[in-house]
Amino acid sequence: MNPLHIYNSLSKKKEEFVPTNPELVGLYVCGPTVYSDVHLGNCRSFTSFDVVYRYLMYKGYKVRYVRNITDAGHLVGDADIGAEDKMAKTAKALKLEPMEVAHKYTVGFHHMMDKFNNLPPNIEPRATGHITEQIKMVQDILDNGYAYEVDGSVYFDTVKFAQEKDVYGQLSGRNLDDMLSESRELKNQGEKKHSADFAIWIRAEENTLQKWDSPWGEGFPGWHLECSAMSTKYLGSKFDIHGGGEDLKFPHHENEIAQNCGACGTMPVKYWMHGDMLLLNGKKMSKSIDPETGKSNSIMPEELFSGNNEIFTKGYSPMVVRFFMLMAHYRSTLDLSDDALAAAEKGYYKLMEGNKTLQELVYNGAEALTVEDKEVNDLMDQALVDMDDDFNTPKALSRLFPLVNKINSFKSGHIALNTISASTLERLQKVFKEFLFDIFGLMDETAAAADKDGAVLDGLMNLIMDIRKDARAKKDWGTSDQIRDQLNALKIRLKDSKEGTTWSLEK
RNA sequence: GGUGAUGUAGCAUAGCGGCCUAAUGCACUGCUCUGCAAAAGCAGUAUUCGGGGGUUCGAAUCCCCCCAUCACCUCCA
């Protein structure tokens, strides 16, 4: 097996992936805060790590994939100036229980993950279900002297931690001296000793909706803490891969490391992975409102699928969007535009049609091997090497398309099929399918439904194609073209070839 | 202001010291196929990688300067 290399955000280098425990790889990905619908940018991140998860399994690793749901503690502003919890804010606005808000958006999130064909994680823990664990972690950090309590709230002592352990700032590349000197000038620090400190337990006010008993009185856990506590619980105090969006590097992941170190004394994660942002109009997609335009620079997945939006001329299906995401490396920004999506749509159909053609190829005659055999095998090998190189999906895809050309040539007879060996064809059929569906996680949206409706459609299409065939035999081009053009308007494409006519449905 | 990225054909992305007179998808042009198309195949389309210097036998890839864009700096995947 080729070694897998992963770019580690902590060392800023590609490193060979050597799991701590080869029997069970631990993968933790920061999930959503369920206070509103996920936007497309969120979906890119989860899709990137879905490919990571899939490829690890493809390489034969047994993986425990943990992705949390944050349903408490995520504040709109800073804790020590009385900022509001995001969940509570939505709950009040919609006149719902916080639990209702969490449930509503969790269901929506799962639905969207299904649409993108992202596999569910093995464990999806929620913050509110792990209050005891979080309280214990706060206590551990206090016991180790890296936190202090002020009037029912507990703050992480970033300064002390930074002075004693040479860890803080490492992930986000922050110069701590700058941070410390800079913030000395700041006033209005509230209860915190230092502005770089952050709340790990927050005192509840009378109107706080979600609160729990703790040794420090009623309160709720701080953002960052849930990830530390839950990753430790399910993956141990040291695990392999932690993923999330680039924008979580600081403060979220930096503080997560600090909490884990502060509680357990060890660096929690071997490989940190960060996906870059999805751009819209050249800017980061984000839900927050731009003060200049008064709008948020984002699009909801459903709006993109349906075409019901002001940005794009038409809708693009979930698999087209997934394919579009695969066309860029996860560590690069990806710019969303009509042209780019239209290109992805064509490419996606080409791949799917290529696979269908490939699976229908039947080997016949004696082998008469040529250089073709090596070329086909090399392309497959290279695609796998590309994936081993930090999950380089765009590079791997660039190997698959030349294979589609070969496949179509085999079908048309432009290249004789027996120029590759029977076993090469078998391998191609297997590997190509694995790439599309197991590794890239695509689904074939062009496949006719295998239910009653699908059978009816098949029957109707056969009838129509028979009528057209008769018309063509009589050189009745008017009827023939009418059938072709009107089906085309229904997005049913007829493909004439020497062997006869086939059809496919574009969505 | 601090920190970190990026700038590759019309568009979106790969490549990150010699395999690059630059790869993939889309778009575009020509040819084959076709009744005409579509689909498919083949060929072509950047003598060149933001601009200018430098290092090197050799640079899209390394260094310096400039220009432009983006991200993070306690809301964000």
Side-chain angles (χ1 to χ4, degrees), chain A residues 12 29-33 35-36 38-49 74-79 83 86 169 172-175 178-179 182 195-199 223-224 243-252 254-255 274-279 282-288 296 298 323-324 326-329 331-351 353-354 357 386 392-402 404-409 411-415 472 475 477 480-481 484-485 488 493-498 501-502 504:
Chain A
K12 297 179 176 56
V29 173
C30 285
T33 300
Y35 70 104
S36 68
V38 286
H39 69 248
L40 200 64
N42 304 120
C43 294
R44 182 193 182 195
S45 187
F46 298 124
T47 302
S48 295
F49 289 107
H74 201 156
L75 303 183
V76 176
D78 209 349
K86 288 189 171 192
S172 55
R174 233 142 277 257
N175 184 328
D178 286 354
M179 265 178 82
E182 186 181 290
S195 69
D197 296 350
F198 55 95
W223 186 45
H224 320 309
E246 180 73 25
D247 53 356
L248 291 182
K249 247 188 203 171
F250 190 87
H252 186 57
E254 195 70 77
N255 290 353
H274 289 94
D276 213 330
M277 300 293 110
L278 185 65
L279 309 183
K283 298 245 179 168
K284 176 184 176 181
M285 193 174 291
S286 169
K287 258 181 282 200
S288 54
S296 74
S298 73
F323 177 81
F324 170 72
L326 293 169
M327 294 208 312
H329 191 257
R331 278 191 290 113
S332 300
T333 54
L334 172 59
D335 207 350
L336 205 58
S337 68
D338 238 334
D339 285 350
L341 282 166
E345 188 169 53
K346 291 281 186 79
Y348 166 74
Y349 286 124
K350 189 171 179 179
L351 263 194
E353 292 298 319
T357 304
D386 295 335
N392 198 329
T393 54
K395 207 170 172 188
L397 274 173
S398 77
R399 317 291 189 184
L400 260 41
F401 281 100
V404 171
N405 293 347
K406 302 260 187 219
I407 290 163
N408 286 325
S409 293
K411 185 185 180 210
S412 69
H414 188 253
I415 303 176
R472 281 160 63 83
K475 296 196 193 298
W477 309 125
S480 166
D481 291 353
R484 180 219 281 160
D485 295 345
N488 212 32
R493 312 275 178 245
L494 294 184
K495 292 167 195 172
D496 296 324
S497 73
K498 286 190 186 108
T501 303
T502 58
S504 66

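Each chain gets a letter, A, B and so on, in the order the sequences are listed, and its residues count up from 1. Side chains are part of it too, since the values below use all heavy atoms of this structure and drop only hydrogens, waters and symmetry mates.
Taking the ring axis of A:Tyr35 as reference, the NZ or CZ atom of A:Lys287 stays within 45° of it and closer than 6.0 Å to the ring centre.
Among the nucleotides B:G35, B:C26, B:C75, the one closest to the side chain of A:Lys346 is B:C26. Among B:C72, B:A77, B:G35, the nucleotide with an atom closest to any side-chain atom of A:Met277 is B:A77. In the set B:C73, B:G25, B:A77, B:C73 carries the atom at the smallest distance from any side-chain atom of A:Pro251. Taking the side chain of A:Phe46 as heavy atoms from C-beta on, and the options B:A39, B:G25, B:A77, the nearest nucleotide is B:A77.
For RNA chain B, runs of at least 3 consecutive pairs of the Watson-Crick or G-U wobble type, with both hydrogen-bonding distances under 3.5 angstrom, map to B:1-7 with B:67-73, B:10-13 with B:23-26, B:28-32 with B:40-44, B:50-54 with B:62-66.
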Anything under 3.5 Å between a protein N or O and an N or O of nucleotides 11-15 of chain B, put it in a table, one pair a line.
unit_1: B:U13; atom_1: OP1; unit_2: A:Asp335; atom_2: N; d: 2.4
unit_1: B:U13; atom_1: O2'; unit_2: A:Met327; atom_2: O; d: 2.4
unit_1: B:A14; atom_1: OP1; unit_2: A:His329; atom_2: N; d: 2.8
unit_1: B:A14; atom_1: OP1; unit_2: A:Ser332; atom_2: OG; d: 2.7
unit_1: B:G15; atom_1: OP1; unit_2: A:Asn392; atom_2: ND2; d: 2.9

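The phosphate of B:C70 has OP1 or OP2 within less than 4.0 Å of a side-chain N or O from A:Lys283. Between A:Lys498 and B:U34, a side-chain N or O to OP1/OP2 separation shorter than 4.0 Å is absent. The shortest distance between the side-chain N/O atoms of A:Lys411 and the OP1/OP2 oxygens of B:A40 is not below 4.0 Å.
A salt bridge does not link A:Arg484 with A:Asp496: none of the charged nitrogens is closer than 4.0 Å to a carboxylate oxygen.
Nucleic acid contact class of A:His74 (heavy atoms, under 4.0 Å, all strands): sugar-phosphate only. A:Gly243 comes within 4.0 angstrom of nothing in the nucleic acid, heavy atoms only. Within 4.0 Å of A:Lys350, counting heavy atoms only, lie sugar-phosphate atoms of the nucleic acid but no base atom. Base contact: A:Ser286 has a heavy atom under 4.0 Å from a base atom. Residue A:Gly41 is in base contact, counting any heavy-atom pair closer than 4.0 Å across all strands shown. In this structure, A:Lys249 reaches neither bases nor backbone, as no heavy-atom distance under 4.0 Å exists between it and the strands shown. Contact annotation for A:Leu278: base contact, defined as any heavy-atom pair under 4.0 Å involving a base atom.
Donor-acceptor pairing under 3.5 Å, judged by distance alone, is present between the side chain of A:Arg472 and the base of B:G35. Under 3.5 Å, the side chain of A:Asp481 and the base of B:A37 form no donor-acceptor pair of N or O atoms. Side-chain atoms of A:Arg484 and base atoms of B:A38 include no donor and acceptor less than 3.5 Å apart.
Atom CD1 in A:Ile415 sits roughly 18 Å away from atom P in B:C33 (whole-Å rounding).
A 6.0 Å sphere centred on NZ of A:Lys498 holds no more than 12 heavy atoms belonging to other residues, nucleotides or ligands.
Residue order along RNA chain B, read from the 5' end via each residue's closest nucleotide, puts A:Lys12 first among A:Lys495 and A:Lys12.
Taking atom P in both B:U3 and B:C66, one finds a spacing of 14 Å when rounded to whole Å.
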